[in-house]
Amino acid sequence: MGNLIHRGKGSWTHVENTIFYETRISAKAKGVYCQIRSLESNPEWTFTIAGFATLFKDGIDSIKSSLKELESFGFLLRARMRGSNGRFVGAEEALWVTLDDPSMYE
């Protein structure tokens with residue numbers, strides 16, 4: 001086995017290993033999950049699919065499929081909220097929740 005050396009600058013995103021050991025999830029979806037986690041503490045970032053897709057070479061449909069994959073295995077929950085008039089609020093006001101280990105929340 002080869003050796004691994006990491007030289008970084010100290011900007012960290014903490015991701016629980018559970019998702020990396022889930023063999024039913026694609027590498028693309030795992031990368032999307034990590035990107036979401038890297039933005040969670042950024043108060044200036046607004047989570048929309050269109051905005052999120054700008055961070056990737058992949059197209060918006062590819063990102064949507066990754067998000068659906070994460071949702072289907074319980075690593076991501078997305079909810080649109082309703083305003084006082086009963087209509088859905090804008091996508092920028094949707095709630096995105098990531099889970100470290102979906103089995104803990106069933």
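None of the values given here were measured: they were computed from a predicted structure.
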Close side-chain approach of [X] to [Y], heavy-atom, < 4.5 Å:
X: L55; Y: I63; answer: no
X: F56; Y: V32; answer: yes
X: F52; Y: I36; answer: yes
X: L70; Y: T98; answer: no

Taking only residues two or more places apart in sequence or in another chain, which ones pass side-chain contact (heavy atoms from CB on, under 4.5 Å) with S72?
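Counting only residues at least two positions away or on another chain, S72 forms no side-chain contact (heavy atoms from CB on, under 4.5 Å).
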
Name all residues meeting the side-chain contact (heavy atoms from CB on, under 4.5 Å) criterion together with V97; count only those two or more places apart in sequence or in a different chain, and write none if there are none.
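Applying side-chain contact (heavy atoms from CB on, under 4.5 Å) to V97 gives L77, L95, L99.
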
Assign the ring pair W96 / F47 to parallel, tilted or perpendicular, where the plane angle (0 to 90°) is split at 30° and 60°.
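Aromatic pair W96/F47 classed tilted.
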
Report the residues that fulfil side chain to side chain donor-acceptor pair (under 3.5 Å) with K28, sequence neighbours left out, ordered by chain and then residue number.
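If we apply the side chain to side chain donor-acceptor pair (under 3.5 Å) test to K28, skipping adjacent residues, the hits are S62, S65.
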
Just to verify, what does R87 make a side chain to side chain donor-acceptor pair (under 3.5 Å) with, not counting sequence neighbours?
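Partners of R87 under the side chain to side chain donor-acceptor pair (under 3.5 Å) test: none.
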
Checking F20 now: which residues fulfil ring pair (Phe, Tyr, Trp, His ring centres under 6.0 Å) with it, not counting sequence neighbours?
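Ring pair (Phe, Tyr, Trp, His ring centres under 6.0 Å) list for F20, sorted by chain: empty.
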
Starting at [atom1] of [X], measure out to [atom2] of [Y] and round the result to the nearest 0.5 Å.
X: E16; Y: R37; atom1: CD; atom2: CZ; result: 9.0 Å
X: F73; Y: R24; atom1: CZ; atom2: CZ; result: 4.5 Å
X: K30; Y: I19; atom1: NZ; atom2: CD1; result: 7.0 Å
X: D100; Y: Y33; atom1: CG; atom2: OH; result: 5.0 Å

Heavy atoms only: give me the nearest D101-S103 pair and the separation to one decimal.
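In this case the closest contact between D101 and S103 is OD1-OG, 2.8 Å.
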
Heavy-atom closest contact (G74 atom, P102 atom, distance):
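Closest approach of G74 to P102: O-CG, 3.1 Å.
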
Residue pairs, two or more places apart or on separate chains, that pass salt bridge (Lys or Arg N to Asp or Glu O under 4.0 Å) and touch residues 49-75
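Of all non-adjacent pairs touching residues 49-75, those that pass salt bridge (Lys or Arg N to Asp or Glu O under 4.0 Å) are E71-R78.
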
